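Predicted model only: the values in this text are computed from it and were never measured. Computed from heavy atoms alone, side chains included, the values below leave out hydrogens, waters and symmetry copies.
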Amino acid sequence: MRLHRFLNARLLLALGLAAGLIAAVACGGASDEPAPAAPASSGDSGAAAPTAMPEATEAMMMAESSGGHVNLLVTNIGNGKFDPFLTEGEDLKFQRIFQVAMVGGGGGSELTPAVAKDWSVSDDGLTWTFTVNDGTITAHDGSVITRDDVFFNLDSRMGEEAASLLAATYYEPRDVAFAERVDQVLKGPADDQVQVVFNTVRLDFAFNWSENAQGADAMIVPEAAMRARAGATGFEGYEDDPIGIGSMMVNMDETIHEQRYSFEKFDDFFWTTANGYAEDRSVTFDTLTMELVPEPAARLAALRSGDAQLIEANINMIGDINGIDGAGIAWQKESSYNWVVYVDCWDESLWCFPVEARQAAEYAINKETIANGLYTPESVNMDSWSHVTPNSLGWGENLRPRPYDVAKAKELLMSIGYGGADGSDGTDANGEQISFKVYTWEAGDLPLLPDLAQLYKDFWSELGWDVEVVVGDAAATRQQWNNREFPGDVLVRTNEARFDGTSITQGGYLNPAIAWRAVDNYENEPWASTTTPIVEQGLSDLNPDTRAASYNEMYDYLQEQTYWGDGFNTNVPWGLGSDVASYEPWSLVPYVTAIWTLKLK
């Protein structure tokens with residue numbers, strides 16, 4: 001498949017630069033690497049501070065007003081479900097408007113009290129205990145959240161009730177794969193406490209059940225509301241009448257699933273200084289509507305006309321936003337990353353089974369062309385390996401991307417009998433043509449993803465490989481990947497950035513129940529004596545003074561294994577309407593965040 005869809009002159013120039021830079025570097029030329037963005041060293045304690053966001057100016061603060069309506073336009077959502085445990089990552093865009101996670105957040109590594117006022121982990125790293133703000137949190141239906149509600153949320157997502165919901169087909173197996181690592185969900189030991197007992201060390205659990213997490217699993221819903229909405233297999237009725245505990249309530253009269261979500265301010269929201277919290281996270285506007293508007297031109301038109309106050313933007317829209325009188329931009333730093341997945345390369349029959357083949361693929365990619373031609377240094381940062389970005393736990397200089405070196409790529413291929421006499425004829429060790437597809441989709445947080453895939457194809461053609469780019473629907477492509485339909489192919493997608501990568505690392509390398517895993521079964525060879533002990537050792541470090549260094553060492557090894565490619569992280573711009581005084585999205589957290597910081601003039 002050939003792509004005839006390049007969007008502007010800058011992209012055409014990028015493709016020209018790609019060819020020129022390939023020739024220049026092959027002849028010995030090199031371009032300077034970009035400077036790293038305030039990295040945490042591999043020996044840091046792991047409490048890397050998130051990128052600081054600018055505070056609202058005094059003039060902006062003086063211009064703020066209360067009341068009014070906010071129209072928020074986004075490019076896409078996940079599956080549009082209200083039940084937090086049935087959602088996909090992009091559903092956080094509306095979930096965060098009316099829900100609150102068990103543990104609060106502030107972006108990056110910052111955790112704060114929320115539904116849980118305190119939490120701790122046992123010395124062996126297996127048992128987490130959460131103390132609940134029992135009896136002080138009012139839900140949208142007037143009920144009061146207690147320890148029992150929190151137990152219900154945990155048990156129905158990873159305990160005995162989760163198993164029952166799976167048996168009833170309300171959940172799919174992939175929904176409860178995490179439960180494989182949980183032995184028990186318990187009430188106690190005190191009347192306001194719950195416990196989760198794991199069968200493996202999980203030091204990231206509080207983080208993954210916080211507002212900094214990459215999914216909606218951690219959102220706390222009232223048990224009685226869910227029970228009252230029970231259906232044939234689970235809680236189907238919740239989709240038509242959702243109840244949350246957040247700063248806004250869902251207005252179902254104005255909501256159309258997967259198109260428009262309408263919300264009204266909840267006056268009894270618990271997160272206020274009067275209730276002992278460090279800040280008031282109540283919204284200052286009365287109503288909010290979130291609408292799906294995939295077309296960038298339509299979102300820009302709404303911002304220009306005043307019909308939208310906040311829009312999900314991308315780097316191609318910055319000039320247009322700056323051209324709107326009174327409009328502005330708020331940057332969300334390290335919001336997502338480009339995830340390059342060499343799919344199912346654990347199979348010995350596939351071209352990508354030898355690690356040298358995967359490494360060669362990475363050396364053949366000119367990252368400088370991507371950063372400075374297809375994108376801009378302001379919008380992307382190449383100093384990443386997979387999900388490990390400069391402000392995340394375990395990042396270090398050793399995780400910067402491999403340099404562009406076609407000669408090195410060919411040398412690696414020849415070392416395993418690939419590529420013929422000079423490593424460039426595109427064949428494997430049996431003399432067969434190496435052919436595979438690159439699957440991708442149009443992503444809201446990172447434009448030009450299909451064009452990026454096309455650049456990968458162009459770079460890999462220098463090795464003689466036969467590559468086809470397939471641009472599909474995001475949800476359908478993800479489902480095909482989870483169904484293991486892409487063996488030996490490459491997936492190029494965006495994924496949510498995170499401070500703590502424990503969950504994705506354990507899922508990828510230590511859990512055979514995870515559909516998107518990087519290795520087949522960690523208990524089998526060749527991984528049992530190589531990858532598995534290194535990952536287990538890294539994830540089991542309980543010492544906060546050495547944990548970041550242990551993660552760095554683990555990631556250094558996994559980068560060399562190259563089941564996941566180097567990629568890069570992205571900064572996402574939000575377009576602010578002329579009637580918006582300020583908005584301060586969190587860094588290192590994806591999608592809509594900190595909506596209470598949005599102030600109208």
Near [X] [atom1], under 6.0 Å, is it more than 12 heavy atoms from other residues, nucleotides or ligands?
X      : atom1 : answer
Asp124 : CG    : yes
Gln479 : CD    : yes
Asp191 : CG    : no
Glu485 : CD    : yes
Glu291 : CD    : yes

Mind running side chain to side chain contact (heavy atoms under 4.5 Å, CB included) on Met226 and Asn153 for me, showing each step along the way? CA-CA 10 Å; Met226 294 294 278; Asn153 280 263; over 6 Å; no

Kindly write out the residues that satisfy side chain to side chain donor-acceptor pair (under 3.5 Å) with [X], not counting sequence neighbours, or none if the list is empty.
X      : value
Tyr522 : none
Thr75  : Glu312
Glu279 : Arg281
Ser282 : Asp280

Do [Y] and [X] meet the salt-bridge criterion of a basic N to acidic O distance under 4.0 Å?
X      : Y      : answer
Asp204 : Arg202 : yes
Asp91  : Lys81  : no
Lys187 : Asp155 : no

What is the distance from atom [atom1] of [X] to atom [atom2] of [Y], rounded to the nearest 0.5 Å?
X      : Y      : atom1 : atom2 : result
Phe94  : Met290 : CZ    : CE    : 8.5 Å
Met102 : Phe130 : CE    : CZ    : 4.0 Å
Tyr439 : Asp489 : OH    : CG    : 5.0 Å
Ser247 : Arg96  : OG    : CZ    : 13.0 Å
Phe270 : Ile245 : CZ    : CD1   : 5.0 Å
Arg493 : Trp441 : CZ    : CH2   : 4.0 Å

With a 3.5 Å distance limit and no angle check, can you tell me whether [X] reaches the backbone of [Y] through a side-chain donor-acceptor pair?
X      : Y      : result
Glu161 : Gly159 : no
Ser109 : Phe499 : no
Thr255 : Ser262 : yes
His140 : Ile243 : no
Thr531 : Trp527 : no
Asp149 : Glu223 : yes
Asn212 : Gly107 : yes
His387 : Glu496 : no

Run the numbers on Phe98 and Phe82 for ring-ring contact (aromatic ring centres under 6.0 Å, His included), then give the verdict. CA-CA 10 Å; Phe98 81 105; Phe82 282 121; 5.7 Å; yes

Please output the side-chain donor-acceptor pairs of residues 176-184 that fall under 3.5 Å, not counting sequence neighbours, one pair per line with the distance.
unit_1 : atom_1 : unit_2 : atom_2 : d
Arg181 : NH2    : Leu510 : O      : 2.1
Asp183 : OD1    : Asn199 : ND2    : 3.4

Check the side chains of [Y] and [X] for a donor-acceptor pair under 3.5 angstrom, ignoring hydrogens and angles.
X      : Y      : answer
Ser529 : Glu525 : yes
Asp541 : Ser550 : yes
Glu264 : Asn251 : yes
Ser384 : Thr389 : no
Asn76  : Lys93  : yes
Tyr170 : Ser164 : no
Asp268 : Thr138 : no
Asp566 : Gln559 : yes

Side-chain heavy-atom pair Gln259, Leu292 within 4.5 angstrom cut-off: no

Could you tell me how the ring of [X] sits relative to the ring of [Y]: parallel (under 30°), tilted (30 to 60°) or perpendicular (over 60°)?
X      : Y      : answer
Tyr555 : Trp385 : tilted
Trp271 : Tyr277 : tilted
Phe263 : Tyr261 : parallel

Taking all heavy atoms of [X] and all of [Y], pick out the closest pair and write down the distance.
X      : Y      : value
Arg547 : Asp500 : NH2-OD2, 3.1 Å
Leu539 : Val201 : O-CG1, 3.7 Å
Ala216 : Arg157 : O-NH1, 4.4 Å
Ala114 : Asn133 : O-ND2, 2.7 Å
Asn391 : Glu334 : ND2-OE2, 2.6 Å
Met252 : His257 : CE-NE2, 4.0 Å

Side chain to side chain contact (heavy atoms under 4.5 Å, CB included) for Val132 and Val115? Distances and angles first, verdict last. CA-CA 6 Å; Val132 178; Val115 178; 4.3 Å; yes

Give the C-alpha distance, both sets of side-chain angles, the deciding distance and a yes or no for side chain to side chain contact (heavy atoms under 4.5 Å, CB included) between Ile504 and Trp339. CA-CA 12 Å; Ile504 192 171; Trp339 196 8; 3.9 Å; yes

Are [X] and [Y], when compared by the centres of their aromatic rings, separated by less than 6.0 Å?
X      : Y      : answer
Trp596 : Trp586 : yes
Phe152 : Phe235 : yes
Trp128 : Trp119 : no

Is the Lys NZ or Arg CZ of Arg478 less than 6.0 Å from the centre of Trp516's six-membered ring, within 45° of the axis? no

Run the side chain to side chain contact (heavy atoms under 4.5 Å, CB included) check on Thr505 and Met554 step by step: do they pass? CA-CA 10 Å; Thr505 305; Met554 170 182 69; 4.1 Å; yes

Under the rule for ring-ring contact (aromatic ring centres under 6.0 Å, His included), what residues qualify as partners of Phe207, not counting sequence neighbours? none

